[in-house]
Amino acid sequence: VIKGDVSQFMQNFFNFTGLLFSFFASTTYACLYQQQEQLYLALYAEVSEARSLVEQLTLVSQGRPSYRALLGSMGDYVQEL
């Protein structure tokens, strides 16, 4: 019920302001959550690629003289992640 007095106007103003704040807070939270999700997906993809690379490295270069050096380089790469 909308009345013509100041108290009802202030109540409507505060209700509107609260709704507006809720909208902005939820939008901000959704954006931040989406960024965090993208970060975790990118990190998962990177770790999956590193794991695949280690498996391929082991299969291809096992028994070769450069095997330890290649594994060391892969270890350095993983430490940089």
Side-chain angles (χ1 to χ4, degrees):
V1 176
I2 297 178
K3 296 180 184 176
D5 59 351
V6 176
S7 63
Q8 185 64 39
F9 172 77
M10 290 305 292
Q11 184 179 4
N12 290 341
F13 175 75
F14 287 133
N15 286 340
F16 174 74
T17 306
L19 270 165
L20 193 63
F21 176 76
S22 298
F23 172 73
F24 285 135
S26 65
T27 304
T28 303
Y29 179 76
C31 289
L32 291 176
Y33 183 76
Q34 185 178 18
Q35 286 178 350
Q36 186 177 14
E37 182 183 16
Q38 289 175 352
L39 177 70
Y40 280 124
L41 290 175
L43 185 60
Y44 179 77
E46 186 72 25
V47 169
S48 297
E49 283 294 322
R51 182 179 176 196
S52 174
L53 188 57
V54 167
E55 290 173 358
Q56 291 175 8
L57 182 70
T58 303
L59 290 173
V60 170
S61 64
Q62 193 173 15
R64 294 185 183 184
S66 61
Y67 180 61
R68 289 196 185 273
L70 290 171
L71 282 180
S73 297
M74 189 64 196
D76 293 341
Y77 171 73
V78 170
Q79 289 297 323
E80 290 178 10
L81 285 178

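Being a predicted model, the structure only gives us computed values, none of them experimental.
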To the nearest 0.5 Å, what is the distance between [atom1] ([X]) and [atom2] ([Y])?
X: T28; Y: F23; atom1: OG1; atom2: CZ; result: 9.0 Å
X: E80; Y: Y77; atom1: CD; atom2: OH; result: 8.5 Å
X: Q38; Y: L43; atom1: CD; atom2: CG; result: 13.5 Å
X: T27; Y: L32; atom1: OG1; atom2: CG; result: 11.0 Å
X: Q79; Y: D76; atom1: CD; atom2: CG; result: 7.5 Å
X: Q62; Y: L71; atom1: CD; atom2: CG; result: 9.0 Å

Check your understanding: What heavy-atom pair brings Y67 and L57 nearest, and what distance separates the two atoms?
Key -> CE1-O, 4.3 Å
Exercise for review: May I ask you to check whether over 12 heavy atoms, not counting those of E49, lie within 6.0 Å of atom CD?
Suggested key: no
Point to revise | F14 with V6, same ILVMFWY side-chain cluster at under 4.5 Å | key: yes
Point to revise | Linked, directly or transitively: V78 and L70 (ILVMFWY side chains, under 4.5 Å) | key: yes
Point to revise | Check against side-chain contact (heavy atoms from CB on, under 4.5 Å), T17 and F13 | key: CA-CA 6 Å; T17 306; F13 175 75; 3.8 Å; yes
